[in-house]
Amino acid sequence: MNRVANVMKMHSRDKWSWFIIPWVVMLSVFIINLVISVFIDDPMYTGAIASVYVYMFIAGIVTLAQTFPFALGMSVSRTDYFLGTSAMIILTSVGFAVLMFLLGLTEGWTGAWGSDLHFFHLPYLSDGPVINQFLVPLVILLFMRYLGIVIAATHKRTGRSGLFIASGILLLVFTVLGFLATYLNWYPAIFDWMVEQSAVDYTLWMLPLIVIFAVVSYLLLRRATI
């Protein structure tokens, strides 16, 4: 347990990557949108909050690439590294989701920041019970982080050629599925199903993918070389 805590402590020393840059990115985009909204008469709906999700995806790739060799060099086992990194991802994602939830509530209390800017509280994504405004960002944050982690783990285990082969296999699978959907006329049913899904429904579909990404990442890292 102490070794897992040591891995978390190792990550926490990189305050810029884990804590500061995500908020610098998001608040910078928010301020730009806020200034623009002041000069616009109509309500302004923006999806710029996606910037923090994109950052989490990139950070997942960079974190593993930068810290995995260092941790193993410090005699940390692969299992402890994965558990410590996962604990750090979950804790920081919960923290970010709580702050985004509070900012969404603040957006409502202030009348969309006094300028009709809808940045944290968006139609569709924030629909439903209030708790959804916490759960939806939390699941998306975890999904993007582990998507980055599994890509980096694949590269770490198989190298560049393995990553290309895995990408090619995925492309082939989606191409075959696209052909079957066209040939068997699945698209109307698929679009009908997609229209019926809420944001929470989509995030629930992400949960098993997050588990798969985590398990695959762990299995790849167990055999990865430095």
Side-chain angles (χ1 to χ4, degrees), residues 25-26 29 33 42-65 86 89 93 96-97 100 104 118-129 131-221 223-224:
V25 170
M26 190 169 70
V29 177
N33 281 270
D42 297 328
M44 182 173 173
Y45 296 88
T46 173
I49 198 169
S51 59
V52 73
Y53 299 132
V54 173
Y55 174 82
M56 291 301 176
F57 167 68
I58 296 172
I61 297 175
V62 174
T63 296
L64 193 143
S86 292
I89 289 173
S93 296
F96 279 116
M100 291 166 72
H118 301 269
F119 190 90
F120 296 100
H121 188 279
L122 295 168
Y124 187 72
L125 285 177
S126 304
D127 289 348
I131 191 65
N132 289 356
Q133 298 174 39
F134 166 73
L135 292 177
V136 171
L138 173 62
V139 175
I140 297 176
L141 287 168
L142 290 172
F143 179 85
M144 298 302 282
R145 271 282 191 180
Y146 275 105
L147 178 59
I149 290 287
V150 75
I151 291 173
T154 302
H155 180 266
K156 187 63 67 178
R157 175 65 181 89
T158 64
R160 187 182 303 174
S161 58
L163 195 59
F164 282 142
I165 292 172
S167 301
I169 292 173
L170 285 176
L171 181 62
L172 179 62
V173 168
F174 283 113
T175 300
V176 171
L177 289 175
F179 170 77
L180 288 175
T182 302
Y183 183 74
L184 299 175
N185 196 30
W186 289 348
Y187 280 117
I190 291 173
F191 288 136
D192 289 342
W193 179 85
M194 292 177 67
V195 169
E196 293 173 356
Q197 304 304 303
S198 66
V200 175
D201 292 330
Y202 281 117
T203 54
L204 291 177
W205 281 103
M206 289 181 183
L207 290 177
L209 292 176
I210 294 170
V211 174
I212 291 172
F213 291 161
V215 172
V216 171
S217 299
Y218 173 65
L219 294 176
L220 289 169
L221 289 178
R223 296 182 177 277

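Values reported hereafter were calculated over all heavy atoms of this structure, with side chains retained and with hydrogens, waters and symmetry mates removed. Numbering starts at 1 and runs along the sequence shown.
In this structure the side chain of Arg157 never reaches within 4.5 angstrom of the side chain of Leu221, judged on heavy atoms. Looking at Phe120 and Ser126, their side chains never come closer than 4.5 Å, going by heavy atoms from C-beta outward. Side-chain contact between Val25 and Val54: absent, with no pair of heavy atoms (C-beta onward) separated by less than 4.5 Å. Looking at Val200 and Leu135, their side chains never come closer than 4.5 Å, going by heavy atoms from C-beta outward. Side-chain contact check for Val215 versus Tyr218: every heavy-atom pair is 4.5 Å or farther apart.
With values rounded to the nearest 0.5 angstrom, Gln197 atom CD is found 9.5 Å from Leu204 atom CG. Rounding to the nearest 0.5 Å gives a distance of 11.5 Å between CD1 of Ile58 and CG of Leu147. The distance from the CG atom of Leu184 to the CZ atom of Phe179 is 8.0 Å, given to the nearest 0.5 Å. Between the NZ atom of Lys156 and the CG atom of Leu163 there is a distance of 12.0 Å, given to the nearest 0.5 Å. The CD1 atom of Ile212 sits 11.5 Å away from atom OG of Ser217, with the distance rounded to the nearest 0.5 Å. In this structure, CD1 in Ile165 is found 12.0 Å from OG1 in Thr154, a value given to the nearest 0.5 Å.
Taking the six-membered ring for Trp and thresholds of 30 and 60 degrees, Phe143 and Phe213 have ring planes inclined between 30 and 60 degrees apart.
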Report task. Assess whether side chain to side chain contact (heavy atoms under 4.5 Å, CB included) is satisfied between Phe134 and Ile131, documenting all intermediate values. Result -> CA-CA 5 Å; Phe134 166 73; Ile131 191 65; 4.2 Å; yes
Query raised in the report: When you look at Met44 and Phe119, which way does the side chain to side chain contact (heavy atoms under 4.5 Å, CB included) test go after all the steps?
Result: CA-CA 8 Å; Met44 182 173 173; Phe119 190 90; over 6 Å; no
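No donor-acceptor pair closer than 3.5 Å links the side chain of Asp127 to the backbone N or O of Pro123.
Within a 6.0 Å sphere centred on CH2 of Trp193, other residues, nucleotides and ligands contribute more than 12 heavy atoms. Around the CZ atom of Phe164, the shell of radius 6.0 Å holds no more than 12 heavy atoms that belong to other residues, nucleotides or ligands.
In terms of heavy-atom proximity, Leu220 sits nearest to Val150 at CD1-O, 4.4 Å. Of all the heavy atoms in Leu141 and Ser93, the pair that sits closest is CD1-O, 3.6 Å. Minimum interatomic distance between Arg145 and Ala59 (heavy atoms only, all atoms of both residues): NH1-CB, 3.5 Å. Between Tyr124 and Ser198, the closest heavy-atom pair is OH-C, 3.3 Å. Nearest heavy atoms, Thr46 versus Ala48: OG1-N, 3.0 Å. When all heavy atoms of Pro137 and Asn132 are compared, the closest pair comes out as CD-O, 3.9 Å.
Taking Ser86 as the reference, Tyr146 meet the side-chain hydrogen bond (donor to acceptor under 3.5 Å, both in side chains) condition, with sequence neighbours excluded.
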